Amino acid sequence: MRLVTASFRTHHFVPHAHSEYAIAVIDRGAEAVRYRGADERAGAGSLLLLDAEVIHAGRPAAPQGWDYRVFYVPPGLLAEIAGRRPTFPAATPRDPELAARLVRVHRMLGEPGTSPLMACERLHQVLTLVLARHAACGPPQPSKASWPAAIGRIRAYLNADIGRTPSLAELSEVAGMPRFTLLRAFRAVTGVTPHGYLLALRLRHAQQLLTAGHSVARAAADSGFYDQAHLHRHFRRTFAATPGQFARAGRARNDVQEGPAAAP
C-alpha cells in the first residue's frame, strides 16, 4: 500500500487511472474531479473514493487549490477485508468524522517506531468503516464456528513470548485464517485486538514484577516495553497510577501483612 501527502495549487491532472483504489481525505481547499462521466467537487472534510482501474481527472475547485492525504490500496488487500472486490458508488461523500479517523491512521502509519501489528489493526478498522459506510457491499460475515479454537491458539502463542510482537501474517498462519478475518474474530471473541491483548499481558507481568519488588526499569524491560516511559504511559492510562505509585502501594501492603499480629 502507498501513502501520499500532497498539495496542489494550479495543477490539472489529465485523465488517467490507478491500478489501486484511491481512498483520500481533502485536508484543505477543494478538488474538482471528473469521474464516470460526472463532475464531482470534494471540499475540506470530504472523502475521495476512486475504484481501481477507473479513469478520472482532477483540477483545483478553489483559488487556493487543495491538500490531501491518500491511501492507494491494492485491490487484493481491499478484497481481503471486504470478502469480495468492492466498489464505491459515490466518489466524494462528505464524512468529516471518518475523514478525521483516516487522517489519524495515515499519520500513524508514517511514524517511525509504530508497531506493525498495531498498524495493521488500525488500518483494518478504518478501512472496514469506509467499506461499511460507503461501499456498494460491506464486509460479509464469515462462519464463526471455528473462531474460538483459532483464537485460543493465538492467545497461547502470544502468552508464550510476551516480549516479542509477531506480525499479523504470522498470527494468521497460527490461526489458520486470513489476516483480516483473524482481526474480526479476535475482537469478537476477546473484546480486544491482538495488539491490545498482548499489551494487557505485558501490563499484568509488569504488575507482578513490581509487586515482587523489582525496579520499574526491570519491569519495563522484562515485560516487553521499549523503556520506562513506554511502560509509564500505558500503565497510567490503564490503571490510573504510575508504576512507581503501584510499587510503593504494594510495598505498603506487604509491610502491613508482615507486621506483628495484633493482641486479642
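For the numbers below, each heavy atom of this structure counts, side chains included, while hydrogens, waters and symmetry mates do not. In this text the structure is predicted, and so the values were computed from the model without any measurement.
- Using a 30° and 60° split on the angle between ring planes, F13 and F8 fall in the perpendicular class, above 60°.
- Of all non-hydrogen atoms in I26 and G43, the two that sit nearest each other are CB-O, 3.3 Å.
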Show me the donor-acceptor pairs within less than 3.5 Å that the side chains of residues 200-210 make with the rest of the protein, sequence neighbours left out.
from: R202; atom 1: NE; to: I162; atom 2: O; distance (Å): 2.6
from: R202; atom 1: NH2; to: I162; atom 2: O; distance (Å): 3.1
from: R202; atom 1: NH2; to: T165; atom 2: OG1; distance (Å): 2.9

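- Pairing each heavy atom of A135 with each of P89, the nearest pair is C-CD, 4.1 Å.
- For the pair T190 (side chain) and F186 (backbone), a donor-acceptor distance under 3.5 Å is present.
- H106 places no side-chain N or O within 3.5 Å of a backbone atom of L3 that could act as its donor or acceptor partner.
- Linking ILVMFWY side-chain heavy atoms closer than 4.5 Å, directly or via other members, places F88 and I81 in a single hydrophobic cluster.
- T5 places no side-chain N or O within 3.5 Å of a backbone atom of R69 that could act as its donor or acceptor partner.
- If you look at H124 and F180, their ring centroids are closer than 6.0 Å.
- For the pair G45 and A99, the tightest heavy-atom approach, listed with the atom from each and the gap, is O-CB, 3.7 Å.
- Checked for salt-bridge contact, E80 and R179 meet the test: a charged N lies under 4.0 Å from a carboxylate O.
- Checked against a 6.0 Å centroid threshold, the rings of F235 and F225 do not count as neighbours.
- Checked against the 6.0 Å centroid criterion, the rings of H195 and Y197 do not qualify as a close aromatic pair.
- A 4.5 Å side-chain heavy-atom check between V192 and R187 finds every atom pair outside the cut-off.
- H232 and H234 have their aromatic ring centers separated by at least 6.0 angstrom.
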